[in-house]
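It should be emphasised that the depicted structure is a prediction, and the values quoted were computed from it without experimental measurement. What you see below is based on every heavy atom in this structure, not just the backbone, and it leaves out hydrogens, waters and symmetry mates.
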Amino acid sequence: MDAQLDEKALESTLAESLDDLTPDTKAVSEDEFAEVVGGALEAVGGTLLFKMRVDNGAAGEHVAAACIGDGGNRQFLLLTLPASGGALKVETAARSTNPVAGIAAAYAGLMDAFKTAA
């Protein structure tokens, strides 16, 4: 993957690769979400950092953070899918307004520190 790929192009590339992976409008389980996210990240050579379910009232969603590239070229992604089903949304953490987006870089930094200490 071209390390210089801009954020908008990265989001577009992922969105195009998701057409066949997105579940229909039915409730989505953790396993189904993991499968969709895994397929999306495989398509672009990304690495899953973490995933969780966020309940915000009646409209909960599955959220995953991932990264592409390494070192100074690393970009963080946020993938969200309504728990009730629908389209998987992929955006760079830098462009996201989701509060979980800020955790992605911090989590990756923590994992880098653990690797160095080991």
Answer yes if Phe33 and Leu41 sit in the same cluster of Ile, Leu, Val, Met, Phe, Trp and Tyr residues linked by side chain heavy atoms under 4.5 Å apart, and no otherwise.
yes
Among the clusters formed by ILVMFWY side chains lying less than 4.5 Å apart, do Phe50 and Leu88 turn up in the same one?
no
Atom of Ala83, atom of Arg53 and distance for their closest heavy-atom approach:
CB-NH1, 3.4 Å
For His62 and Thr80, indicate whether the former's side chain and the latter's backbone hold a donor-acceptor pair under 3.5 Å.
no
For Ala65 and Leu48 the tightest heavy-atom approach is O-CD1, 3.5 Å
Considering all heavy atoms of both residues, which atom of Leu49 and which atom of Tyr107 are nearest to each other, and what is their separation?
O-CE2, 3.2 Å
Gap between atom CD of Glu61 and atom CG of Leu79 - 0.5 Å precision:
11.5 Å
Residues at least two apart in sequence or cross-chain that pass side chain to side chain donor-acceptor pair (under 3.5 Å) with Ser96, listed by chain then number, are Glu91
Leu78 and side-chain contact (heavy atoms from CB on, under 4.5 Å): which single residue from Val90, Thr92, Val63 fits?
Val63
So do the side chains of Cys67 and Leu77 get within less than 4.5 Å of each other, counting heavy atoms only?
no
Salt bridge (charged side-chain N to carboxylate O under 4.0 Å, His left out) filter on Glu30, not counting sequence neighbours, yields Lys51
Approximate separation, where rounding is to 0.5 Å, of Thr47 OG1 and Arg74 CZ:
9.5 Å
When hydrophobic residues are tied together by side-chain contacts of less than 4.5 Å, even through go-betweens, does Phe76 share a cluster with Ile103?
yes
